[in-house]
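Values below: every heavy atom of this structure, side chains too, minus hydrogens, waters and symmetry copies.
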There are 2 protein chains.
Amino acid sequence: MPMNIKEVARLAGVSTATVSRTINGSDKVTTETAERVKRAIEQLKFYPNTNARALGSGKSSLYGLIISDITNPFFPELVKSFEDMAVQYGQEVLIANTNYDKHRMEHCVVRMLQRKVDGVAIMTSEMEEHLIDELSSRKIPLVFLDMGTVQRGISNIAVDYPAGIDAGVAYLRELGHEHIGFISGPLNLVPAQVRHKGFMKSMRRQGLTVDKSLMQEGNHRMDGGHDAMARMLKSKRRPTAVMTSNDVTAIGAMGAIYEHGLKIPRDISVVGFDDIAMSAFTQPALTTVRLPRDEVARVAFRALYGTQNAATAKGVEYRIEPKIVIRNSTGPVRG
Amino acid sequence: MPMNIKEVARLAGVSTATVSRTINGSDKVTTETAERVKRAIEQLKFYPNTNARALGSGKSSLYGLIISDITNPFFPELVKSFEDMAVQYGQEVLIANTNYDKHRMEHCVVRMLQRKVDGVAIMTSEMEEHLIDELSSRKIPLVFLDMGTVQRGISNIAVDYPAGIDAGVAYLRELGHEHIGFISGPLNLVPAQVRHKGFMKSMRRQGLTVDKSLMQEGNHRMDGGHDAMARMLKSKRRPTAVMTSNDVTAIGAMGAIYEHGLKIPRDISVVGFDDIAMSAFTQPALTTVRLPRDEVARVAFRALYGTQNAATAKGVEYRIEPKIVIRNSTGPVRG
DNA sequence: CTGTTAGCGCATTCAC
DNA sequence: GTGAATGCGCTAACAG
């Protein structure tokens with residue numbers, strides 16, 4: 001037995017158009033008939049077929065959300081906020097993981113295309129030009145997290161990473177640290193490079209010299225932070241403080257420091273980046289530079305929701321300022 | 001300019017039916033014509049419309065994955081493995097968060113219904129009977145994580161929580177602990193109750209007495225673990241060891257222990273449950289009972305993929321045995 | 001305000 | 001092996 005709008009129409013004694021109208025909250029339906037239709041819907045436990053709806057209307061009410069790695073706590077928090085926005089505005093979210101893999105990214109974009117999403121929030125950096133074109137040439141509104149240039153239908157959420165890193169370095173400098181290490185993300189990714197360069201620049205601005213052996217590459221995951229720190233601890237002059245490209249890396253690094261028999265912050269101070277929920281619960285609690293995920297998510301959603309048509313709307317550049325959060329993983333350098 | 005199967009057909013000089021066939025890999029197409037069609041598809045950068053496909057065929061190639069809280073590290077790891085399976089088998093995944101909220105759960109189920117998913121993996125417990133019926137009465141294959149009973153089209157992945165908890169308690173007993181606390185999940189949820197009772201039973205079996213003031217309720221999140229532990233530390237006789245309902249709770253509890261000026265495991269031993277990635281990196285590394293997410297995800301996927309039709313296939317009961325992982329958060333009780 | 005009708009893009013019968 | 005025609009369930013004109 002088919003379960004569709006037709007059955008509802010029959011039971012309610014109206015046409016399918018009227019059913020469709022009441023479902024979509026059209027004001028051109030008598031309260032009375034609307035009631036009758038609603039009762040029928042309830043009685044039949046009818047739920048409109050999303051696929052048919054999208055086909056008929058041309059709108060999917062779906063936003064794509066592309067992230068690198070759902071396993072990195074930064075992203076789930078972002079996803080959650082984005083979803084909350086979507087629920088609030090009656091939209092749906094299609095989540096796609098790239099696993100930091102360009103090939104997989106292509107797969108993600110294809111999915112978006114096939115589902116005819118109304119917009120895509122690209123919160124990752126494994127994005128090649130031709131894939132962006134594939135989306136934007138189809139007039140799909142896009143919003144990036146700190147990537148690329150603003151254009152027609154393409155917005156960007158610019159994060160002032162240099163300022164954030166600068167705040168971290170300045171704070172360490174205040175505490176007397178001069179020998180500061182840095183663990184970056186994978187350097188084949190642009191954002192990781194940006195933070196990496198931002199750190200070096202910041203060091204020079206503070207009148208400090210960068211020791212190459214204290215510049216280590218991680219992978220934005222715990223194991224990468226751990227291994228990078230282990231390498232760093234083998235260098236001749238051990239750092240008195242370390243900054244990392246994200247909190248997960250910092251947590252991994254802290255593990256390596258302890259394994260080395262050292263104490264935080266007594267022997268080495270550690271500063272993270274992101275301020276994931278976990279960071280307040282590490283031992284000691286992690287000093288970090290906060291990048292507010294809920295704000296990023298809200299801004300991203302609004303950017304898409306406001307740009308219903310990429311053909312006419314021009315993109316907007318939003319700005320997010322990270323702020324340092326001082327906890328207990330940092331302390332004065334030991335005389 | 002419309003971009004559809006018709007355009008492809010025209011460019012390739014064939015009918016839409018032939019295009020459809022080659023897309024779906026039908027063997028009733030000459031290699032030659034297929035090649036021609038494929039070239040046309042590539043040239044036009046054509047991607048078949050998923051909505052139309054689902055509508056026409058009646059199959060969505062979509063599996064629903066319902067989880068409680070994407071912010072709890074347990075779930076992203078599960079999601080990732082499930083997605084990997086899906087990619088491998090050419091399926092898609094629709095993720096839905098309940099936020100531990102029954103109302104939101106209803107919303108999730110409705111989404112599944114509307115999208116005509118081919119099956120749903122329900123990895124959470126905020127599931128009411130009538131919602132299950134709504135799904136199963138529509139012949140949608142279901143698989144639960146340790147919930148409910150196996151029926152026609154409904155499978156279950158049974159986790160032997162009691163055995164897992166028993167292993168933890170036994171290990172603590174070996175170390176000389178007798179005064180052991182437990183932090184549960186929210187007790188309005190069945191699985192939390194199961195573990196709660198499992199702990200009490202296990203204690204008795206080991207000949208230990210349960211101290212009510214050492215049985216505290218958390219919320220499966222860090223803050224809940226923290227607060228529960230803080231409450232427990234106020235009791236007259238402080239526990240020498242604590243077990244928790246999941247790792248996130250344990251991490252929160254560890255924070256509270258440190259804040260209280262105590263050392264782990266010197267003053268208090270801590271045992272978690274799940275073995276999330278983070279647990280190997282806490283300070284000290286967390287002893288925990290491992291519930292293999294990748295295995296759960298794979299089994300869940302297979303359960304759905306194998307049960308293409310809930311009308312004929314009977315459900316299967318799968319079993320997963322958690323195993324204790326000994327790290328450094330546990331030690332002998334102090335004389 | 002309500003009903004009729006014509007697609008939306010594709011899969012899937014049938015014929016050939 | 002290929003093409004023409006029908007229908008999936010719904011929305012959106014267009015009448016009335």
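Every residue two or more places apart in sequence or in another chain that forms a side-chain contact (heavy atoms from CB on, under 4.5 Å) with I67(B) is listed here: L65(B), I70(B), F75(B), V79(B), I95(B), N97(B), M123(B). K116(B) meets the side-chain hydrogen bond (donor to acceptor under 3.5 Å, both in side chains) test with no other residue; sequence neighbours excluded. Listed by chain and number, the residues in a side-chain contact (heavy atoms from CB on, under 4.5 Å) with E77(A) are I276(A), A277(A), R293(A), T71(B) (sequence neighbours excluded). For Q43(B), the side-chain contact (heavy atoms from CB on, under 4.5 Å) partners at least two apart in sequence or on another chain are L11(B). Among residues two or more places apart in sequence or in another chain, the side-chain hydrogen bond (donor to acceptor under 3.5 Å, both in side chains) test is passed with Q151(A) by T149(A). Residues that satisfy the side-chain hydrogen bond (donor to acceptor under 3.5 Å, both in side chains) test with R21(A), not counting sequence neighbours, are absent from this structure. With sequence neighbours excluded, the residues forming a side-chain hydrogen bond (donor to acceptor under 3.5 Å, both in side chains) with T98(A) are E126(A), listed by chain and number. E128(A) meets the side-chain contact (heavy atoms from CB on, under 4.5 Å) test with K102(A), H130(A); sequence neighbours excluded.
When atom types are taken as modelled, the side chain of D294(B) and the backbone of A297(B) share no donor-acceptor pair closer than 3.5 angstrom.
The nearest whole Å value for the distance from the CG atom in L113(B) to the P atom in dG9(D) is 14 Å. Between the C1' atom of dG9(D) and the CZ atom of R10(A) lies a distance of 15 Å, rounded to the nearest Å.
Annotation: ring pair (Phe, Tyr, Trp, His ring centres under 6.0 Å) contacts involving residues 84-111 of chain A, sequence neighbours excluded, comprise Y89(A)-F301(A), Y89(A)-Y305(A).
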For this session: Would you give a per-nucleotide map of nucleotides 8-16 of chain C, 5' to 3', where B means the base has a protein non-hydrogen atom under 4.0 Å away, S means only the sugar-phosphate does, and - means neither?
Result: BBSBBB---

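Defining each end axis of the helix from dC1(C)-dG16(D) to dC16(C)-dG1(D) as the rotation carrying four pairs' C1' atoms onto the next four, with five pairs an end, the two axes are found to diverge by 30° to 10 degrees.
Near-neighbour residues of DNA chain C inside residues 26-41 of chain B, defined by a heavy atom below 4.0 Å, are absent.
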